[in-house]
Amino acid sequence: MIQRWHMKKKTQLPLVAIVFFLFVLCTIFYNERRFQEIHRKGDHIGNRNHVKKTFAFQSTPDAPSGALDRFSKCNSTVKYSGRKAGSSLLQSDEEEEEEMNDSCDVFSGSWVFDNVSLPLYNESDCPYMSDQLACHKHGRPDLMYQNWRWQPHGCNLKRWNATEMWDKLRGKRLMFVGDSLNRGQWISMLCLLESVIPAGKKSITPNAPLTIFRAEEYNATVEFQWAPLMVESNSDDPVNHRLDERIMRPDSVLRHASEWDHVDILVFNSYLWWRQGPVKLLWSNEKNGVCEEAESLDAMELAMDEWAKWIESNVDPLKKKVFFVTMSPTHLWSREWEPGTEGNCYNEKTPIEDERYWGSGSDLPTMRMVGNVVNRLKSKVSVLNITQMSEYRKDGHPSIYRKFWESRSAEQLANPASYSDCIHWCLPGVPDVWNQLLFHFL
Ligand SMILES: *[C@@H]1O[C@H](CO)[C@@H](O)[C@H](O)[C@H]1NC(C)=O
Ligand SMILES: *[C@@H]1O[C@H](CO)[C@@H](O)[C@H](O)[C@H]1NC(C)=O
Ligand SMILES: *[C@@H]1O[C@H](CO)[C@@H](O)[C@H](O)[C@H]1NC(C)=O
Ligand SMILES: *[C@@H]1O[C@H](CO)[C@@H](O)[C@H](O)[C@H]1NC(C)=O
Ligand SMILES: *[C@@H]1O[C@H](CO)[C@@H](O)[C@H](O)[C@H]1NC(C)=O
Ligand SMILES: *[C@@H]1O[C@H](CO)[C@@H](O)[C@H](O)[C@H]1NC(C)=O
Ligand SMILES: *[C@@H]1O[C@H](CO)[C@@H](O)[C@H](O)[C@H]1NC(C)=O
């Protein structure tokens, strides 16, 4: 009996995986389009030259031959050979250094209802809000999702203070690098920070591979770089990246890293883009366009290793701070927190209380791989381990309360869960706390 059940479960897995990939495709990849809308509402549009310059690496005739863009194709595809990108210089730090002050793990705690000190800003007051994340504006009736404070066990998080954060950023560049989840965190940071800067003293560039918010008085910038796979890929266009296949260069972060050189604080993430099935690898020295096809985890590990090599040889921890944000959880199957139900995050209004809860969307082998890579870089990279705390927040996603660019069929409209976004996060909300953690560790 038990065995039978196991077998049944197993045969269902691929289907579940396919549905998940399709879902991710729909909710993430559709909606990067017309992201520029959020910037139009910004203060004034500044520094167009810079935008032209950063666009130059896109698919222009003078791009270096072999640079990947959305028109790149593999001539043929073979199975991944297991090749790694050259020997890594990295040695694991053997001695277990105590993490800063071990007295308290701020990532372990619970969500406490607090409608007195939260939210830290109003959705409608933030000029940089995205229509993907503005849940109240798009009709969400329950607003409790804005009122949960993260309470670590045994200590308190530093209280958010925008002026103090600007003091830390004075004369510096802070850059978020990654995918749309990381972009959500960047928007949250802008909303948390912008209100103390008077109008006319702040500006933002329009949509580009690198989007820059400037605060004149502080001579500081808060930037977002679109780099969903971290290494060079055919999906590096921040607007047009709805592609049938993912092709990446496992041995090159240069396209993105050229910007990282002059940044003081870097915040990376990468996860969901690896979860859509196999990825094609096109090595730099491959002359005939032959790709290798690798499984998600192998491909992500290659990208992480390449990223780690850059960190190892370019980061002086006295001059540059680097953070890696762990996987952002999804809430695609309500049966995982409420057995017997068929839904997803749609209509969820409160956090999960079971502190052991961990959803199947957060892949443990991936977490272990990330842990191994960042452990080797211990002195140079801090982990913002937001996964467990965000697992509890099944109520934090936009579900149907966001702008959808595609029109929906009558059938979909009759079943709201079918088109709910259970991947991104409403603002004000969960990513504000990720930024509070960043503030805590800066
Ligand atoms: C750890 O933190 C506690 C309380 O914040 C402090 O009293 C103690 O000195 C710290 N220890 C170290 C080694 O920094
Ligand atoms: C905060 O929540 C409490 C309990 O739900 C409620 O009685 C109170 O009116 C709320 N206060 C505000 C300012 O929303
Ligand atoms: C949000 O708006 C309400 C009503 O306009 C106001 O009372 C409150 O102070 C605002 N909150 C913040 C954080 O600005
Ligand atoms: C915020 O930080 C500034 C500068 O460090 C300080 O002057 C101010 O009192 C702080 N505000 C609060 C509410 O703590
Ligand atoms: C502004 O900050 C940049 C670094 O981001 C620095 O190179 C420059 O000298 C600063 N300018 C002023 C006027 O402080
Ligand atoms: C694919 O093969 C053709 C002919 O062999 C060659 O001209 C082309 O450059 C190759 N494509 C790539 C991406 O290398
Ligand atoms: C993040 O925290 C979880 C427990 O919440 C742990 O299992 C995992 O190893 C941590 N990941 C990293 C990269 O530190």
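If you read the sequence from its start, that first residue is 1, and numbering goes on from there. Just so you know, ligand 1 is whichever comes first in the structure, and atom 1 is the first atom listed for that ligand.
Nearest to atom 14 (O) of ligand 2 by heavy atom, out of N115, N147, L143, is N115. Considering each of N385, V373, L364, N372, the one bringing a non-hydrogen atom nearest atom 12 (C) of ligand 7 is N385.
The existence of a salt bridge linking R249 and D251 is excluded, since no basic side-chain nitrogen approaches an acidic carboxylate oxygen closer than 4.0 Å. Salt bridge annotation for E312-K309: absent, with no cationic side-chain nitrogen under 4.0 angstrom from a carboxylate oxygen.
The protein heavy atom nearest to atom 13 (C) of ligand 7 is G371 CA, 3.7 Å. Of the protein's non-hydrogen atoms, the one nearest atom 7 (O) of ligand 7 is M367 CG, 4.9 Å. Looking only at heavy atoms of the protein, atom 2 (O) of ligand 4 is closest to N161 ND2, 2.4 Å.
Polar contact check, T163 against ligand 4: no nitrogen or oxygen pair lies under 3.5 Å apart.
Distance screen at 4.0 Å: atom 4 (C) of ligand 2 has no protein heavy-atom neighbour inside the cut-off. Atom 9 (O) of ligand 2 is never approached by the protein to below 4.0 angstrom, counting heavy atoms only.
No donor-acceptor pair closer than 3.5 Å links the side chain of W274 to the backbone N or O of S270.
Set against the non-hydrogen atoms of F113, the atoms of ligand 2 under 4.0 Å away are 2 (O).
Applying the side chain to side chain contact (heavy atoms under 4.5 Å, CB included) test between E391 and each of R393, M389, Q388 identifies Q388 as the sole match. In summary, of the residues considered (L118, D432, L193), a side chain to side chain contact (heavy atoms under 4.5 Å, CB included) with W160 occurs for L193 alone.
Ring-plane geometry between F268 and W307 is classed as perpendicular, the angle between the planes exceeding 60 degrees on a 0 to 90 degree scale with a lower cut at 30.
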**OP:** Determine, stepwise, if the pair H424 / S180 fulfils side-chain hydrogen bond (donor to acceptor under 3.5 Å, both in side chains).
**Re:** CA-CA 8 Å; H424 300 100; S180 59; 2.9 Å; yes
